[in-house]
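Residue numbers start from 1 in every chain, and the chains themselves are labelled A, B, ... in the order their sequence lines are given, proteins ahead of strands. Quick note: numbers below take in every heavy atom, side chains included, and nothing from hydrogens, waters or symmetry partners.
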2 protein chains.
Amino acid sequence: MAHQVTIKDIAKILGISASTVSRALKDHPDISPKTKRMVQAFAQKVNYRPNALALNLRRSKTNTIGIIIPEIVHHFFSSVISGIEKVAYAAGYNVMICQSNEDYNREVIDAQALLDNRVDGVLMSLSKTTFDHDHIRNLIDHGIPVVFFDRAPNEIEADKVFIDDFMGAKIATHHLIATGCRNILHLAAPSHLLIGQRRRDGYIKALEENGIQFNPDFIIKCDTRDDVFANAGKILQLANQIDGIFTVNDSTAIATMQVLMKNGIRIPEHISVIGFGDGPNANICYPPLSTVEQKGTEIGKEATQLLLNQIENTEDIYKPTTKTITPVLRIRESTLM
Amino acid sequence: MAHQVTIKDIAKILGISASTVSRALKDHPDISPKTKRMVQAFAQKVNYRPNALALNLRRSKTNTIGIIIPEIVHHFFSSVISGIEKVAYAAGYNVMICQSNEDYNREVIDAQALLDNRVDGVLMSLSKTTFDHDHIRNLIDHGIPVVFFDRAPNEIEADKVFIDDFMGAKIATHHLIATGCRNILHLAAPSHLLIGQRRRDGYIKALEENGIQFNPDFIIKCDTRDDVFANAGKILQLANQIDGIFTVNDSTAIATMQVLMKNGIRIPEHISVIGFGDGPNANICYPPLSTVEQKGTEIGKEATQLLLNQIENTEDIYKPTTKTITPVLRIRESTLM
DNA sequence: AACGACGTCGCAAACGTTTGCGACGTCGTT
DNA sequence: AACGACGTCGCAAACGTTTGCGACGTCGTT
């Protein structure tokens, strides 16, 4: 119940003014060595700690960065957070995390909450249900830098960091083709998300480069475990026409393998499956999943670095950049040799 | 770049005092209906939002709760966060998350940061390397309520919420015995963690209740995937003496299964394996893992509810309670029928 | 006509800092 | 002896709110 000791308390006890205490604590040249020693010793003794609330108000800077993500319980996002946390912490920033639950309305409220709390910057990945971006413009208009990762809107000029989705999808598809697949199904994310669009484009590009005719029937919108079970009928119906599947993420791939295997289809002998993401599941599922590595932690670090640059570099007008992280193929046992 | 409009701004433009604006905005009876209408209409027009920083300082209340967890990239902890976030949000609180990375020193710094930022309360789960609790007492001494979940110190009086580790371990071990196992290895967490201790005790209790002699050689300290690989030799050496394994968590169980299977041991025919946790991995690994369900989200919700009670109930002295959530057996294919 | 009640507002202080500016004393120089 | 330079400190305002208290006007009552 001990109330935190303040500069005023110290001043009163020591019989000097608060300004002198404040200056003594930060080694200001105006203060005599004797006073400094006295103040610093006393402050240490009573374990003085500046009140961050007062500091925040005074400098209107909170040393806090806000994060808005679709959901925390998701390996990719939690590893992004981990990366963010690491570099933010090293730079003396705290993080405030909001979860949109893939809900646009919640995302709007979150953005407002972060603005109300005057975070110094925002790191975000769009929810699947947001098509309007006024809440983001609102942040930017109020001078709060925003950088996106993974899921970013086309229409907003801002720093963005992605894995190279196009390239990743391309090398995944290439790998399927190189191991003999010719009729490749793609389980895709909605195309209003850049990532859905780009991974689909990479898939198509790989087909083209190998002279394989693109078949529009071979793309199904299906990007969650539940989606797979909902679409199981459709997928099984295609099963005898295809020899490979490229999915937009790992959990879709794993659920697909489970559905196929339960119906007597052998992987990779009958159908090869490759995912995208490389979470820990890829090592744990059966068979171990070939996939594309999408380094969440690295993305988080890069995004935070970009944000800090913007926060600390207030002078000139900022020119948005897009960082792209090159993905790597992880070949395991769900594809042929 | 538009600076946020303040009460002072409104007062100046409308030609009235800031106090009147403040009161008009919160419908104070002292203010005339005409003035209220004018102020409220104007505030709405310019999208006035109170500055949370100033409010925080004024009431020395931040409507923020701090979280300290060992690591975010872990299904159990991220689902706890998800639960916390849910009830905190509903009650108008933000969350500030710190990751100790299982490092005591970092945990101390995190606690200090949360204190500096005057969070209204702290939810935490101890790192594996903390044996000293002064940083926690410091929080409590300064009037910040703390509630623990999952990993809590014995020596501190505070609200705590656990799954019933003892019971969970007991029913898991019972299940192994009921399906025919007699020589059961336990891969355990360090016993200075309550959870390690309790799960071990539950294991021993189950043996006792079934008249099975407890063999101290059948407990190995081994509670991560990496630990399993490090201890692979020791485990394989025991393999022909045992017919069941109960592990302190799922990832240990899964890694163990992989090590055993790679060495030609069949699961569950030769050795049954049961875990603790029931993350998504349990469904994804091969064979699907029998385990004990440890509802992270529910734990997070309960813990937050306890914390909010404490925060809002400042009147009388608080009597710490411990909530215990009953676990449920999830039988899948890594144990016999 | 005088007084009290009430409605409506503004002043000022406060939360805990920081910082520009001026005040005061001492000392050395001319 | 007088003046300037410099060292050392405190006052006051500011960040954006809230709130106790008092001020002022109007109206109704006796």
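Under a 4.0 Å N-O distance rule, the pair A/Glu102/A/Arg151 qualifies as a salt bridge. Under 4.0 Å is where a charged nitrogen must lie from a carboxylate oxygen, and between B/Asp30 and B/Arg23 no such pair does. Salt bridge status for A/Arg106 with B/Glu85: present, with a side-chain N to carboxylate O gap under 4.0 Å. A salt bridge is absent between B/Glu157 and B/Arg137: the closest approach of a Lys/Arg side-chain nitrogen to an acidic carboxylate oxygen does not fall below 4.0 angstrom.
Nearest heavy-atom pair, B/Arg118 versus B/Thr62, reported as atom, atom and distance to 0.1 Å: O-OG1, 2.9 Å. When all heavy atoms of A/Ala88 and A/Ile65 are compared, the pair lying nearest together is CB-CD1, 4.0 Å.
For the contact set between residues 17-42 of chain B and DNA chain D, defined by any heavy atom under 4.0 Å, the members are B/Ser19, B/Ser22, B/Arg23, B/Lys26.
Contacts of A/Leu53 with the nucleic acid, taken as non-hydrogen atoms under 4.0 Å apart, are absent. Residue contacts for A/Ile7: at a heavy-atom cut-off of 4.0 Å it reaches the sugar-phosphate backbone alone, with no base atom in range.
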Output field dot_bracket for DNA chain D (Watson-Crick or G-U, both distances under 3.5 Å, | for other-strand pairs) contains ||||||||||||||||||||||||||||||
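Looking only at distances, a side-chain donor or acceptor of B/Asn51 sits under 3.5 Å from a matching main-chain atom of B/Leu53. A distance-only check finds no donor-acceptor pair linking the side chain of A/Lys12 to the backbone of A/Ala18 [under 3.5 Å].
Using the six-membered ring where Trp is involved, B/His74 and B/Phe76 have ring planes that are perpendicular, over 60° apart on the 30 and 60° scheme. Using cut-offs of 30° and 60° for the angle between ring planes, the B/Phe131 and B/His192 rings count as tilted.
Nearest-nucleotide positions on DNA chain C for A/Ala54 and B/Gly15 put B/Gly15 closer to the 5' end.
Chain A approaches DNA chain C within less than 4.0 angstrom (heavy atoms of the protein), and the contacting nucleotides run 5' to 3' from C/dC15 to C/dG20.
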